Number of protein chains: 2
Amino acid sequence: MQPLTIGRLAAAAGVNFEAVRYYERIGLMPPPARAASGHRAYEEAHVRRLTFIRRARELGFSIEDIRALLTLAEPSHASCVQAQEIAQAHLDDVRAKLADLAKLERILAGTVARCSGGPVPSCPVLDMLDAGAKRN
Amino acid sequence: MQPLTIGRLAAAAGVNFEAVRYYERIGLMPPPARAASGHRAYEEAHVRRLTFIRRARELGFSIEDIRALLTLAEPSHASCVQAQEIAQAHLDDVRAKLADLAKLERILAGTVARCSGGPVPSCPVLDMLDAGAKRN
DNA sequence: CTTGCACCCGTAGTCGCTACAGGGCGCAGG
DNA sequence: CCTGCGCCCTGTAGCGACTACGGGTGCAAG
């Protein structure tokens, strides 16, 4: 029941304590009460909110997405269609990046495998960058 | 044979012309000759160098990696072992990111699929963020 | 003559933090 | 009583790799 300091809050939610100040500055965390010393004094609700933020960040949601999701998570909302839309859009994004990365992986793996560490004129790695654009 | 302007160089290599100025500022592209008007005057060699940079960026190499690869691509180097090492390290990096993204994809896809757009108390998307940390 | 284009320069903004610099407050040990 | 420690406070600068803007110049065509 007694308030938490910023350090304890950060540890409880699993984030860096400087990130908490950052979230406050950008309006993602509300400005908390202050102790007589001027230290921030947090409640349990802040731990839940900060943990929500941390999980969403781990899943790759942007700050603006999280801002929206936090609003949608309030009990006053009757449906989660909007939350689903945000998650679906993010999923599409993740899948696009996954496809891009898989392509890179394929090209890099093929090139590195062909490189024996021999002389420069025939180095597959440098050749690809110099002349490339053929097999993508 | 006649020199290219920055705009033509950028178009020839397929990059934004402001990126060329940026590469010059950070020392990735050499400062070119100047026409009487003060406009930058580029040669064919610059097109090749800038194209090398663009391809390396498309493959996800960092600016510092590219700086090293450009040096290694000079004919004075007898072996490409170092280039291979840089490419291998980057490939390891790409594979790590690929694994991370695949994990995100799995979690997001599962959650979105379970969400019917129903009432908030049972929204899988918001529930995962609120209570999550169970099935990763 | 004036319109439009491509170029010039320097600087600020993007994203999501992280890392200082420079200070304060309270408590425990010497 | 003094010193050091550990936590907290504020504000600001830095990361990577650009992108975008403001405000100016030179040059050719209509």
Side-chain angles (χ1 to χ4, degrees), chain A residues 2-29 31-42 46 49-70 89-90 93-94 97 100 104, chain B residues 2-29 31-42 46 49-50 52-70 86 89-90 93-94 97 100 104:
Chain A
Q2 61 198 8
L4 297 158
T5 63
I6 192 172
R8 284 180 192 287
L9 169 72
V15 308
N16 185 313
F17 89 96
E18 306 233 57
V20 180
R21 288 210 308 131
Y22 170 68
Y23 292 147
E24 182 179 329
R25 209 162 55 240
I26 63 171
L28 216 52
M29 287 293 287
R34 297 290 182 133
S37 57
H39 292 195
R40 289 170 180 81
Y42 293 98
H46 293 107
R49 189 178 178 96
L50 186 53
T51 303
F52 184 106
I53 294 169
R54 195 211 68 211
R55 292 210 183 103
R57 287 295 303 134
E58 284 172 357
L59 288 172
F61 285 101
S62 73
I63 294 289
E64 289 317 306
D65 278 353
I66 296 171
R67 205 186 291 282
L69 288 170
L70 280 165
H90 179 48
D93 229 63
V94 167
K97 280 188 188 134
D100 285 354
L104 292 199
Chain B
Q2 60 200 8
L4 297 156
T5 63
I6 193 171
R8 284 181 193 284
L9 169 71
V15 309
N16 185 315
F17 89 96
E18 307 233 58
V20 180
R21 289 209 308 131
Y22 170 68
Y23 292 147
E24 183 179 328
R25 209 162 57 239
I26 63 171
L28 215 52
M29 287 294 286
R34 296 292 182 133
S37 58
H39 292 196
R40 289 170 179 81
Y42 293 97
H46 293 107
R49 190 179 177 94
L50 186 54
F52 184 107
I53 294 169
R54 195 212 67 210
R55 292 210 184 103
R57 287 293 305 132
E58 283 173 357
L59 288 172
F61 285 101
S62 72
I63 294 289
E64 290 316 306
D65 278 353
I66 296 172
R67 205 186 291 282
L69 289 171
L70 281 165
I86 291 171
H90 179 48
D93 228 63
V94 167
K97 279 188 188 134
D100 284 354
L104 291 199

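From a predicted model like this one, the values you see are computed outputs, not experimental measurements. So you know, we letter chains A, B, ... as the sequences are listed, proteins then strands, and number each from 1.
- When rounded to the nearest whole Å, the span between OH of A:Tyr22 and C1' of C:dG16 equals 5 Å.
- Taking all atoms of both residues into account, the shortest heavy-atom contact from B:Ala41 to B:Pro3 is CB-CB, 3.7 Å.
- Residue pairs meeting the side-chain hydrogen bond (donor to acceptor under 3.5 Å, both in side chains) criterion with at least one member in residues 59-70 of chain B, sequence neighbours excluded, are B:Glu64-B:Arg67.
- We find that CZ of A:Phe61 is positioned 17 Å from C1' of C:dC15, with the value rounded to whole Å.
- Between B:Phe17 and B:Gly7 the shortest heavy-atom distance is CB-CA, 4.5 Å.
- In this structure, OH on B:Tyr23 lies 5.0 Å from CD1 on B:Ile63, to the nearest 0.5 angstrom.
- B:His46 places no side-chain N or O within 3.5 Å of a backbone atom of B:Leu4 that could act as its donor or acceptor partner.
- Recorded end-axis angle for the helix from C:dC1-D:dG30 to C:dG30-D:dC1 stands at 30°, based on five pairs per end and rounded to 10 degrees.
- Within a 6.0 Å radius of CZ in B:Arg34, other residues, nucleotides and ligands contribute more than 12 heavy atoms.
- The CG atom of A:Leu28 sits 6.0 Å away from the CD1 atom of A:Ile66 when rounded to the nearest 0.5 Å.
- Every residue two or more places apart in sequence or in another chain that forms a side chain to side chain contact (heavy atoms under 4.5 Å, CB included) with B:Asn16 is listed here: B:Glu18, B:Ala19.
- Across all strands shown, B:Tyr23 has heavy atoms under 4.0 Å from sugar-phosphate atoms exclusively, and none from any base.
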Summarise protein proximity over nucleotides 1-14 of chain C in one line of letters, 5' to 3': B for base, S for sugar-phosphate only, - for none, counting protein heavy atoms closer than 4.0 Å. ------SSBB----
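- Reading DNA chain D from its 5' end, the first and the last nucleotide to sit under 4.0 Å from a heavy atom of chain A are D:dC8 to D:dG11.
- Here CE of A:Met29 is found 9.0 Å from CD1 of A:Ile6. Values are rounded to the nearest 0.5 Å.
- A:Asp93 pairs by the salt bridge (Lys or Arg N to Asp or Glu O under 4.0 Å) definition with A:Lys97, not counting sequence neighbours.
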